[in-house]
Amino acid sequence: MQLTHHLILIGPMGAGKSTIGRFLSEQLNLGFIDLDKVIEDRAGASIPWIFDIEGESGFRERETAALKEVLQEPPLIIATGGGCVLKPENRSLLNTAGQVIFLEACIDQQIERTGKDKNRPLLQTDNLEQKLTEMAELRNPLYCEVATIRVDTNNKPPKLVAQEILNQI
Ligand code: S3P
């Protein structure tokens, strides 16, 4: 399949954006970019370090710069970070960038998939369920606003989700 636009994966932490993105990349023979990785490469530092030194606002500035940079490339599969939809500027960029696929995951699945992760600064909390619920309340309407396709990932292996996406595009 020859794509003329980017395929951009959005959704909460633990939705499987990077894993599913890699499967799509193999199936479509298209490059894959993980936006978090671009941010880390450009900063020469890890995401926890960026949050530590520059705060979330510093990270968000870097995220917008990285998004602008990758959208200039020829068609790619792009996995974004869960908070990429927070800034209106990013949502406008996503609106005109290609197919935007919202990978939906319930709170229980997110906890199962991210529970012990030390690389996600926003999840280093005593009450993971509460934090993820607050984020979902704020962010779910924003994911819906920019999504062109929505796919439920709950209790599904990433390969199956990737196949469902391929059937829809
Ligand atoms: C974040 C999600 C992370 C990463 C950063 C902030 C968020 O990416 O960008 O820790 O605000 O939801 P993943 O969704 O790939 O974990």
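As a basis for the values below, the full set of heavy atoms in this structure was taken, side chains included, without hydrogen atoms, waters or symmetry mates. Every number for a ligand or one of its atoms is a count from 1 in the order of the listing. None of these values were measured; they are calculated from a predicted model. Quick note: residue numbers are just sequence positions, from 1.
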Only pairs at least two apart or in different chains count here, so list each ring pair (Phe, Tyr, Trp, His ring centres under 6.0 Å) that has a residue in residues 84-105.
Phe102-Tyr143

Write out the protein residues near ligand 1, meaning a non-hydrogen atom under 4.0 Å from one of its atoms, in order of chain and number.
Met13, Lys17, Asp36, Ile47, Phe59, Arg60, Gly81, Gly82, Gly83, Arg120, Pro121, Leu122, Arg139

Which pairs pass ring pair (Phe, Tyr, Trp, His ring centres under 6.0 Å) with one or both residues in residues 148-169, sequence neighbours excluded?
none

Side-chain heavy-atom pair Val161, Leu103 within 4.5 angstrom cut-off
yes

In short, ring pair (Phe, Tyr, Trp, His ring centres under 6.0 Å) pairs touching residues 9-47 with sequence neighbours left out are none

Check whether the side chains of Asn155 and Gln109 place a donor and an acceptor atom closer than 3.5 Å, and report yes or no.
yes

Flag for Lys87-Thr64: side-chain donor and acceptor within less than 3.5 Å:
yes

